[in-house]
There are 2 protein chains.
Amino acid sequence: MNTTKKFTGKRTLKYAILGLLSRQPMTGYDITCEFQQAIGQFWQAKHSQIYPELKKLLIENLISQQIEMKGELEKKCYQLTELGKQALEQWLCQLDEIESEKDVFALRLYFLHAMPKTQLSTLFTHQLEQKQARLAFLHQQLATHFSENFDVITLNDNDFAHYLVLSKAIAREQSYYDWLVRSWQKVLRRQA
Amino acid sequence: MNTTKKFTGKRTLKYAILGLLSRQPMTGYDITCEFQQAIGQFWQAKHSQIYPELKKLLIENLISQQIEMKGELEKKCYQLTELGKQALEQWLCQLDEIESEKDVFALRLYFLHAMPKTQLSTLFTHQLEQKQARLAFLHQQLATHFSENFDVITLNDNDFAHYLVLSKAIAREQSYYDWLVRSWQKVLRRQA
DNA sequence: ATCGTCATGTAAGGCGTTACATGATTTT
DNA sequence: AAAATCATGTAACGCCTTACATGACGAT
């Protein structure tokens, strides 16, 4: 009898959920909302993926459920078990392999030989606008969550982590934006 | 009778393959190799995904097949049809929506409150080494494909596109590396 | 002869999105 | 009263990775 599985995925969503629950007990709905907040800059999931995953985690005994009734409306609040805490900690200690980046704009640009030349301007303009909007949003997030002259070293773990990932998102978008500007200038000089 | 599909994916691989074939006819194996080269910085696919996709593109009449025999070994060489050319051009003109980024290291870092504090050093060191190696590789690519004092505006479309995506990859990795250094310094100051 | 590369495929299973479904509570 | 948000789920389908499979050609 052979019960070994051929391979196992990385199950990143599993650990993202465990990580969120390690901060505080939450419902599936709360978790869904979190993926639209800070953490969403680096991982995303829809509720249709989250609810089944929570059921799996229950079966694996990594989380426990607690049903609250608010009138007729039922809220299923989840929290980490001791086993779940251990699983998370073990995952947090794993070293990352090189990750693969996917960027459809860069892909399109790579095929610019087949692109109608008049289209390049539209593509770049659109991309520049998008990145600008994203940067504005991220800076606003920074302003909302951190006071004018805050001191990084005095922040608690959660705020410090929040600051780190926010500053990473900003660095990423700014670098993208700068490259767009430089590249667009080169395209213009080349077409002149 | 209802034959409409509920939704259709973005089929990015489809267009990546059409884009590659727009440069020159290629085999599935050649395409597989391309995804480990320049284009691989922004899109990847394994041969197990490529061969079935090529069959689909044949059925869609976007590519045509030409079997060459090299002794007993058969090579299936694919090229764009007129329809395929049009499909590619239409895709190249599409505007991108905001893309979602996934970054497991940032995710782990976001949960640093649950991390054994001694582990942070290991994680950062590993990540710094990885990014450094990637940067070295990309700079070497740049040196290999472009001469010391090359002029961007004189490059042909293919080389220009190659330069743009290479410079984007470098900007991305450099920005990541710089953020890692800044963050690691903050972690150290905070723990001191 | 053995090893690496060239060359092509299929199968199984996990991951992720869109759509389908339902109903309560709160805000306007 | 209507609309937005809270709250939970399932179904269908496409995407992607790992593993399974096979065999020829070229170099050492």
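None of these values were measured; they are calculated from a predicted model. All chains are named by letter (A, B, ...) in the order of the sequence lines, taking the proteins before the strands, and each is independently numbered beginning at 1.
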> Given atom CE of B/M69 and atom P of C/dA7, what is their separation to the nearest angstrom?
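One finds 13 Å between P of C/dA7 and CE of B/M69, rounded.
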> Would you mind reading off the distance between A/H47 atom NE2 and C/dT17 atom P, rounded to a whole angstrom?
12 Å
> Within this structure, what is the CD-to-C1' distance between B/E68 and D/dA24, rounded to whole angstrom?
16 Å
> How many Å lie between CD1 on A/I50 and P on C/dG16, as a whole number?
11 Å
> Closer than 3.5 angstrom, by distance alone: can the side chain of B/W91 be matched with the main-chain N or O of B/T12 as a donor-acceptor pair?
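Side chain of B/W91 to backbone of B/T12: no pair is present.
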> Is atom CD1 of A/I98 surrounded by more than 12 heavy atoms (other residues, nucleotides or ligands) closer than 6.0 Å?
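No, not enclosed.
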> Indicate whether OP1 or OP2 belonging to C/dG9 is found under 4.0 Å from a side-chain N or O atom of B/K76.
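For B/K76, the contact criterion (side-chain N or O under 4.0 Å from OP1 or OP2 of C/dG9) is met.
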> Of all the nucleotides listed (D/dT18, D/dT10, D/dA7), which has the minimum atom distance to the side chain of B/S48?
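Out of D/dT18, D/dT10, D/dA7, the nucleotide with an atom closest to B/S48's side chain is D/dT18.
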> Return no unless some side-chain N or O of A/K14 is found under 4.0 Å from OP1 or OP2 of C/dG14.
no
> Closest nucleotide of DNA chain C for B/C77 versus for A/G71: which of these residues is on the 5' side?
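In this pair, the answer is B/C77.
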> With the threshold set at under 4.0 Å for non-hydrogen atoms, list the residues of residues 24-39 of chain A touching DNA chain D in residue-number order.
A/T27, A/G28, A/Y29
> Determine whether the aromatic ring centres of residues B/F105 and B/F124 are separated by less than 6.0 angstrom.
yes
> With respect to the side chain of A/K56, which nucleotide from C/dC15, C/dG9, C/dG23 is positioned closest?
C/dC15
> Given 3.5 Å as the limit, does a donor-acceptor pair link the side chain of A/S183 with the main chain of A/L180, or not?
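No, the answer is negative, given that no donor and acceptor are paired below the 3.5 Å cut-off.
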> If each of A/Q49 and A/E74 is mapped to the nucleotide of DNA chain D with the nearest heavy atom, which maps nearer the 5' terminus, i.e. the 5' end?
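The 5'-side residue here is A/E74.
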> Atom CD of A/E53 and atom P of C/dT17: how far apart are they, to the nearest Å?
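Answer to the nearest Å: 13 Å.
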> Nearest to the side chain of A/E72, heavy atoms from C-beta on, is which of D/dT8, C/dG9, C/dA24?
C/dA24
> Would you kindly say whether A/S175 and A/D178 are connected by a side-chain donor-acceptor distance under 3.5 Å?
no
> Can you confirm whether A/K102 is buried at NZ, in the sense that more than 12 heavy atoms of other residues, nucleotides or ligands lie under 6.0 Å from that atom?
yes
> Can you tell me how far P of D/dA7 sits from CD1 of A/I67, to the nearest Å?
14 Å
> Which part of the nucleic acid does A/Q44 contact within heavy-atom distance under 4.0 Å: base, sugar-phosphate only, or nothing?
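The residue A/Q44 makes no contact with any strand.
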> Determine, using ring centers only, whether B/F150 and B/Y163 are less than 6.0 Å apart.
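Yes; B/F150 has its ring centre under 6.0 Å from that of B/Y163.
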> So, is B/K75 near the phosphate of D/dA24, with a side-chain N or O under 4.0 Å from OP1 or OP2?
no
> CG of A/L73 versus C1' of C/dT22: gap in Å, rounded?
12 Å
> Would you say A/K46 reaches C/dG16's phosphate, i.e. side-chain N/O to OP1/OP2 under 4.0 Å?
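No, A/K46 has no side-chain N/O under 4.0 Å of OP1/OP2 on C/dG16.
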> Check this for me: B/K186, atom NZ, are more than 12 non-hydrogen atoms of other residues, nucleotides or ligands nearer than 6.0 Å?
yes
> Any side-chain N or O of A/K55 less than 4.0 Å from the OP1 or OP2 oxygen of D/dT10?
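So the side-chain polar atoms of A/K55 do come within 4.0 Å of the phosphate oxygens OP1 or OP2 of D/dT10, strictly under.
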> For the pair B/D96 and A/R108, find out whether any cationic side-chain nitrogen is under 4.0 Å from an anionic carboxylate oxygen.
yes
> Mind calculating the distance between CD1 (B/I17) and P (D/dC16) to the nearest angstrom?
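After rounding, the reported distance stands at 11 Å.
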> Identify all pairs in which a protein N or O lies below 3.5 Å from an N or O of nucleotides 26-28 of chain C, and state each distance.
none

> Show your reasoning for whether salt bridge (charged side-chain N to carboxylate O under 4.0 Å, His left out) applies to A/E97 and A/K10.
CA-CA 11 Å; A/E97 294 152 48; A/K10 288 194 294 279; over 6 Å; no
